[in-house]
Amino acid sequence: MGFSSEIWDRRDTRPAANPMSKNLYAFAVSALTFLGIFASLGAAQLTPNLTFQSGWALAGFMIPIVIVAILGVVIATKSNNPAVSLLGYAMVAVPFGLMLGPVIAQYTTASVVKVFFITTIIVAVLGVVGAVIPDNLQGLGSWLLAAMLLLLVGYFIVPVAGFIGFNVGGALTVLDWVGVVIFSGMVVYDWNRAMRLPRTLDNAVDSALAVYLDWFNIFIRLLALTGQQNSSSRN
C-alpha cells in the first residue's frame, strides 16, 4: 500500500517528534477533515447545473479532476511542510467538490442533508474506534488495498457485462454496499495509523486527507443507495 506505507514509516519515538499533545493532534485531524469536507461542499455549489451531452464530455470533465487529485495526494504525502501538504489537500477536496455538484443536484436537499449526517456519524464513531484500538493495524492495509482494487474491477466489469447482454440487475447496488463496508474499514485503519505517527501538524494534514477520502467514498455510495432523487432527475 504505497501511500500508506510511506506514512507508516514516519515513526520517531523521541519526545521532540511529538510537539502536539495527543488530544490536540486528534482535534487537528478532525478539524482538518471537516475543512476538506466543507471545501468540497462549497465547490459543489459551483457545478449543480453541469450536464454532459456525451461520454466524451463527461471524460473531459473527470480526467482533469482525477489528475489534479492524484497530484494533490502526491504533494501532500511527499511534503513535510504543513502549508504545502494543505495545498495538496486542497487539490483533492476542491476538484472532488466540483465533481460532487452534479451528483448532489440529482437528490432532494433533505436527502443530501440526511446522508451527510449519517456519513459523518459513521466516520466519527469508527474514527474513535480506530484511534483507541491498542493494536497496530498496519497489516490490515494490504487487505484493504486488495479489497479496493477488487471493488474497482467490479465497477468496471459489471457495466461491461450488462452492455453485452448479461443480467446484472442489482450488482451495482451490491458493489456500493461493499464499498461502504470497505471504506468504513479504512476509517478505522486511517485513524489507527494517524494516532501512531509523530504528532506534527504536517502528519495531521496528511491523516485528515486520508479520512476525508474515506468520508467522500462512503458519502457518495450512501447517497446512491439511500438518497431520494428529486423530480427533475426522475424525468
Subject >> Non-neighbouring partners of Ala57 that pass side chain to side chain contact (heavy atoms under 4.5 Å, CB included), sequence neighbours left out >> reply: Phe52, Ser54

**OP:** Could you tell me whether the side chain of Ile218 reaches within less than 4.5 Å of the side chain of Ser184, counting heavy atoms only?
**Re:** yes

**OP:** Using modelled atom types only, decide if a donor and an acceptor are shared between the side chain of Arg199 and the backbone of Met20 within a distance under 3.5 Å.
**Re:** yes

Original post:
Do any pairs count as a side-chain hydrogen bond (donor to acceptor under 3.5 Å, both in side chains) and have a residue in residues 113-134, sequence neighbours left out, and if so which ones?
Top reply: Thr120-Trp215

Original post:
Hey, quick one: are Ile220 and Phe61 part of the same hydrophobic cluster, counting side-chain heavy atoms closer than 4.5 Å, chains of contacts allowed?
Top reply: yes

**OP:** List the atom of Pro64, the atom of Ala59, and the distance in Å for their closest heavy-atom pair.
**Re:** CD-O, 4.1 Å

Original post:
For the atom pair OG1 (Thr108) and CD (Gln228), what is the distance rounded to the nearest 0.5 Å?
Top reply: 4.5 Å

Subject >> Which atom of Ala76 lies closest to which atom of Asp206, heavy atoms considered >> reply: O-OD1, 2.9 Å

Ignoring hydrogens and angles, write down the donor-acceptor pairs under 3.5 Å from the side chains of residues 34-43, residues two or more places apart or on other chains.
{"residue": "Ser40", "atom": "OG", "partner": "Gly36", "partner atom": "O", "Å": "3.3"}
{"residue": "Ser40", "atom": "OG", "partner": "Ala93", "partner atom": "O", "Å": "2.6"}
{"residue": "Ser40", "atom": "OG", "partner": "Tyr212", "partner atom": "OH", "Å": "2.6"}

Original post:
If two hydrophobic side chains count as joined below 4.5 Å and joins carry through other members, does Leu140 share a cluster with Val188?
Top reply: yes

Original post:
Okay, side chain of Ser21, backbone of Leu24: is any donor-acceptor separation there less than 3.5 Å?
Top reply: yes

Subject >> Pairs flagged by ring pair (Phe, Tyr, Trp, His ring centres under 6.0 Å) wherever residues 118-160 is involved - sequence neighbours left out >> reply: none

Original post:
Which residues satisfy the ring pair (Phe, Tyr, Trp, His ring centres under 6.0 Å) test with Phe216, sequence neighbours excluded?
Top reply: Phe96

**OP:** Could you tell me which residues satisfy side chain to side chain contact (heavy atoms under 4.5 Å, CB included) with Ile67, sequence neighbours excluded, listed by chain and number?
**Re:** Ile63, Leu71

Original post:
What residues form a side-chain hydrogen bond (donor to acceptor under 3.5 Å, both in side chains) with Thr173, not counting sequence neighbours?
Top reply: none

Subject >> Within-4.5 Å side-chain heavy-atom neighbours: Leu149 and Val153 >> reply: no

Subject >> Under 3.5 Å: donor-acceptor pair, side chain of Tyr25, backbone of Ala194 >> reply: yes

Original post:
Do the non-hydrogen side-chain atoms of Val178 and Val181 ever get within less than 4.5 Å of each other?
Top reply: no

Subject >> Result of checking Ile118, Ile122, Val112, Val180 against Phe219 for side chain to side chain contact (heavy atoms under 4.5 Å, CB included) >> reply: Val112

Subject >> Partners passing side chain to side chain contact (heavy atoms under 4.5 Å, CB included) against Thr109 (at least two apart in sequence or in another chain) >> reply: Val113

Original post:
What residues join Val128 in its hydrophobic cluster, counting side-chain heavy atom gaps under 4.5 Å, either direct or through other members?
Top reply: Val132

Original post:
From Leu98 CG over to Met62 CE, what is the distance, rounded to the nearest 0.5 angstrom?
Top reply: 11.0 Å

Subject >> Side chain Ser85, main chain Asp202, donor-acceptor under 3.5 Å >> reply: no

Subject >> Atom pair CD/CZ of Gln138 and Arg193 - distance to nearest 0.5 Å >> reply: 10.0 Å

Original post:
CG of Asp190 to CG of Leu137: how many Å apart, nearest 0.5 Å?
Top reply: 10.5 Å

Original post:
Just wondering, do Arg221 and Trp177 contact through their side chains at under 4.5 Å, heavy atoms?
Top reply: no

Original post:
Is Leu213 linked to Leu150 within one hydrophobic cluster, defined over Ile, Leu, Val, Met, Phe, Trp and Tyr using a side-chain heavy-atom separation of less than 4.5 Å?
Top reply: no

Subject >> Hydrophobic cluster of Val125, others only, ordered by chain and residue number, side-chain cut-off 4.5 Å >> reply: Ile121

Subject >> Val66 reachable from Leu209 in the ILVMFWY side-chain graph, under 4.5 Å edges >> reply: no

Subject >> Which residues share a side chain to side chain contact (heavy atoms under 4.5 Å, CB included) with Ser30, sequence neighbours left out >> reply: Trp191

Original post:
Taking all non-hydrogen atoms of both residues, which atom of Thr200 and which atom of Pro19 are closest, and how far apart?
Top reply: CG2-CD, 4.0 Å

Original post:
Is the closest side-chain heavy-atom distance between Leu197 and Ser207 below 4.5 Å?
Top reply: yes

Subject >> Side chains of Leu151 and Phe183 in contact at under 4.5 Å (non-hydrogen atoms) >> reply: yes

Subject >> Which atom of Asn81 lies closest to which atom of Ser79, heavy atoms considered >> reply: N-OG, 2.9 Å

**OP:** Please report the closest heavy-atom contact between Gly101 and Thr47, naming both atoms and the distance.
**Re:** CA-OG1, 3.3 Å

Original post:
How long is the gap from CZ on Arg196 to CG on Asn203, to the nearest 0.5 Å?
Top reply: 14.5 Å

Original post:
Judged by atom type as modelled, is there a donor-acceptor pair below 3.5 Å linking the side chain of Asn230 to the main-chain atoms of Ala105?
Top reply: yes

Original post:
Does a side-chain heavy-atom distance below 4.5 Å link Val103 with Leu223?
Top reply: yes

Subject >> Main-chain N/O of Val84 paired with Tyr89 side-chain donor or acceptor, under 3.5 Å >> reply: no

Original post:
Which pair of non-hydrogen atoms, one from Pro95 and one from Ala90, has the smallest distance, and what is that distance?
Top reply: CD-O, 3.5 Å

Original post:
Under a 4.5 Å side-chain heavy-atom rule over Ile, Leu, Val, Met, Phe, Trp and Tyr, are Val92 and Ile65 clustered together?
Top reply: yes

Original post:
With distance as the sole test, does Thr226 use its side chain to make a donor-acceptor pair with the main-chain N or O of Leu222 at under 3.5 Å?
Top reply: yes

Subject >> Any donor-acceptor pair under 3.5 Å from Asn192 side chain to Asp135 backbone >> reply: yes

Subject >> Spacing of CE belonging to Met99 relative to CG belonging to Leu58, to within rounding of 0.5 Å >> reply: 10.5 Å

